[in-house]
Amino acid sequence: MRVLLTGSAGFIGSHIAEALHGGATTPGRRDGEVVAPGPDGCEVVAPGSGGCEVVTADLRDGVDIRDPDALDRLLPGVDAVIHQAAKVGLGVNVADLPDYASVNAYGTATLLAAMARHGVGRLVLASSMVVYGEGAYDCARHGRVRPGPRRAGDLARGVFDPRCPRCDDVLTPTVVPEEAASDPRNAYATTKLAQEHLAANWARETSGTVVALRYHNVYGPRMPRDTPYAGVAAIFLSALLAGRAPRVFEDGGQRRDFVHVRDVARANVLALGVGTAGEPAAYNIASGTPHTVGELAAALAAQTGGPDPVTTGEYRLGDVRHIVASPARAAAELGFTARITFADGIKEFVGAAPDAGATGS
């Protein structure tokens, strides 16, 4: 199987490239070819015995000054695309909106149009749990309810859990299944959902197969640090390795599912072997063992020997309180179950940091 992998120089993409080279792409098929471009766009790999050719290109127009016909050159003969290239993170402010729309939505549309031109009929799409907005909640009086955005007044008073839209009681969180309604709360979430809709449109019009993998909080070696778009695990680790206490927003009780990047890479490889033509499918890619953000900060502090976390009470209106998934469908249909435990993953994550030698770990 020949696979075009976009975003192969990125955090998750680089691990997917390794997984494709190191193991089965689908049952009965081994040593999948990878087509990968550079850090600013798509990467497409035609590996020989010595590795992959890395091509830098921009998905938004399919051209690059060094490779003016990248997609049209690379897509012929490709069996499947794994699409990882994206602008990630919550963003800094509304000034980021054009970039998110351009890179995530328009870039994906351009890729899909090129796939249709060249008859490439299989897509594995990197989506995200952010498409759900808040997670799933139960009310003691009204059962399963869907809360709206948290109120600024509540957050300012330290009331962080969402309230029932019918009786205003504080809600109890539960797990989110794939059929939950989407409710994106920021630019990244909105454009990830747009990618799913564009891919579904492509699948129906071309009888293509699309599998959207809704990643939960991915962490592990090579995770970007020290940028405004870094994930919370990277932000905490950067602080600790600089000798600073990690600053935990709200009360630290926000629940997330932290899934190791190599487990996510394996899920992408498994997704190459499933799906039904013209019928888009989505899967939660999660560990199934949630932790609070406060627990993450404490685990990283213990592993680094750094200062204890500080809980600040600060909040961001674009954040959600709890988002924990059910990984049951991925287990049943993809054959995916996370293998790397939280404790083992945190130890590796800290040890892999370039400046981790300065800690006591």
Side-chain angles (χ1 to χ4, degrees), residues 5 7 10-27 82-84 88 124-132 135-136 173-180 192 211-224 231-234 236-237 254-275 281-300 302-303 320 322-352:
L5 170 63
F11 167 44
I12 299 174
S14 66
H15 286 275
I16 295 171
E18 290 175 356
L20 286 165
H21 282 294
T25 53
T26 60
I82 297 180
H83 183 29
Q84 300 293 309
V88 300
V124 177
L125 174 67
S127 187
S128 172
M129 53 85 174
V130 296
V131 302
Y132 298 121
T174 185
V175 295
V176 182
E178 286 85 352
E179 58 269 20
K192 294 308 285 185
V211 176
L213 302 181
R214 292 174 178 165
Y215 303 157
H216 284 250
N217 287 68
V218 186
Y219 73 100
R222 303 174 211 151
M223 190 175 188
V232 65
F236 289 165
L237 183 59
Q254 311 93 297
R255 295 172 74 238
R256 300 289 189 269
D257 190 308
F258 298 97
V259 58
H260 195 277
V261 65
R262 284 201 305 279
D263 280 328
V264 171
R266 185 165 49 85
N268 276 268
V269 174
L270 290 168
L272 289 169
V274 302
Y283 297 93
N284 288 321
I285 302 301
S287 73
T289 307
H291 293 271
T292 67
V293 172
E295 288 170 345
L296 171 69
L300 288 167
Q303 187 62 43
V320 297
H322 304 296
I323 178 71
V324 174
S326 168
R329 181 180 294 177
E333 298 181 15
L334 288 184
F336 170 77
T337 302
R339 295 174 179 170
I340 299 173
T341 67
F342 182 73
D344 288 345
I346 291 295
K347 183 176 181 180
E348 182 191 10
F349 177 47
V350 171

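Remember, predicted model here, so these are calculated numbers, not experimental data.
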### Query
What closest approach, in Å, do Gly275 and Val211 show between heavy atoms, and which atom pair accounts for it?
CA-CG2, 4.3 Å
### Query
If you take all heavy atoms of Val218 and Met223, which pair is closest and at what distance?
O-CE, 3.4 Å
### Message
Would the distance check show the side chain of Arg214 and the main-chain N or O of Glu178 forming a donor-acceptor pair, the cut-off being under 3.5 Å?
### Response
yes
### Query
Would you call Arg256 and Ile323 a side-chain contact if the rule is heavy atoms closer than 4.5 Å?
yes
### Message
Please give me the minimum heavy-atom distance between Ser127 and Ala212, naming the atom from each residue.
### Response
CB-CB, 4.3 Å
### Query
Is any side-chain heavy atom of Glu179 closer than 4.5 Å to a side-chain heavy atom of Arg329?
yes
### Task
Run the numbers on Ser14 and Arg222 for side-chain contact (heavy atoms from CB on, under 4.5 Å), then give the verdict.
CA-CA 9 Å; Ser14 66; Arg222 303 174 211 151; 2.8 Å; yes
### Message
Would you compute the distance between atom CD1 of Ile346 and atom CZ of Phe236 and round it to the nearest 0.5 angstrom?
### Response
10.5 Å
### Query
Taking all non-hydrogen atoms of both residues, which atom of Ala330 and which atom of Ile285 are closest, and how far apart?
CB-CD1, 4.3 Å
### Task
Evaluate side-chain contact (heavy atoms from CB on, under 4.5 Å) for Phe11 paired with Val264, printing each intermediate quantity in order.
CA-CA 11 Å; Phe11 167 44; Val264 171; over 6 Å; no
### Query
Does the side-chain contact (heavy atoms from CB on, under 4.5 Å) test come out yes or no for Phe258 and Val232, once each step is laid out?
CA-CA 10 Å; Phe258 298 97; Val232 65; 4.1 Å; yes
## Note on the structure
Rounded to the nearest 0.5 Å, the CD1 atom of Ile12 sits from the CZ atom of Arg262 at a distance of 13.5 Å
### Task
Kindly say whether Thr337 contributes a backbone atom to a donor-acceptor pair with the side chain of Arg266 at under 3.5 angstrom?
yes
### Query
Where do Tyr219 and Gly345 come nearest, in terms of heavy atoms and distance?
OH-CA, 3.3 Å
### Task
Locate the shortest heavy-atom distance separating Phe349 from Pro221; write the atom from each residue and the value.
CD1-N, 4.3 Å
### Query
Are a donor atom and an acceptor atom from the side chains of Tyr283 and Glu333 found within less than 3.5 Å of each other?
yes
### Task
Working to the nearest 0.5 Å, report the span between CZ of Arg255 and CG of Asn217.
12.5 Å
#### Entry: Member of Asp257, Leu296, Thr289, Val259 meeting the side chain to side chain contact (heavy atoms under 4.5 Å, CB included) criterion with Phe342
Leu296
### Query
Given His15 and Gln84, is the side-chain contact (heavy atoms from CB on, under 4.5 Å) satisfied, shown in steps?
CA-CA 11 Å; His15 286 275; Gln84 300 293 309; over 6 Å; no
### Task
Find the distance between NZ (Lys192) and CG (Leu125) and round it off to the nearest 0.5 Å.
6.0 Å
### Backbone N/O of Pro327 and side chain of Asn284: donor-acceptor pair under 3.5 Å
no
### Nearest-0.5 Å distance that lies between atom CG in Leu237 and atom CG in Leu300
6.0 Å
### Task
List for me each residue that meets side chain to side chain donor-acceptor pair (under 3.5 Å) alongside Glu295, sequence neighbours excluded, and say none if there are none.
His291
### Task
Please round to the nearest 0.5 Å and tell me the distance separating atom CG of Asp263 and atom CD1 of Ile340.
4.5 Å
### Side-chain touch Leu213/Leu334, heavy atoms, less than 4.5 angstrom
yes
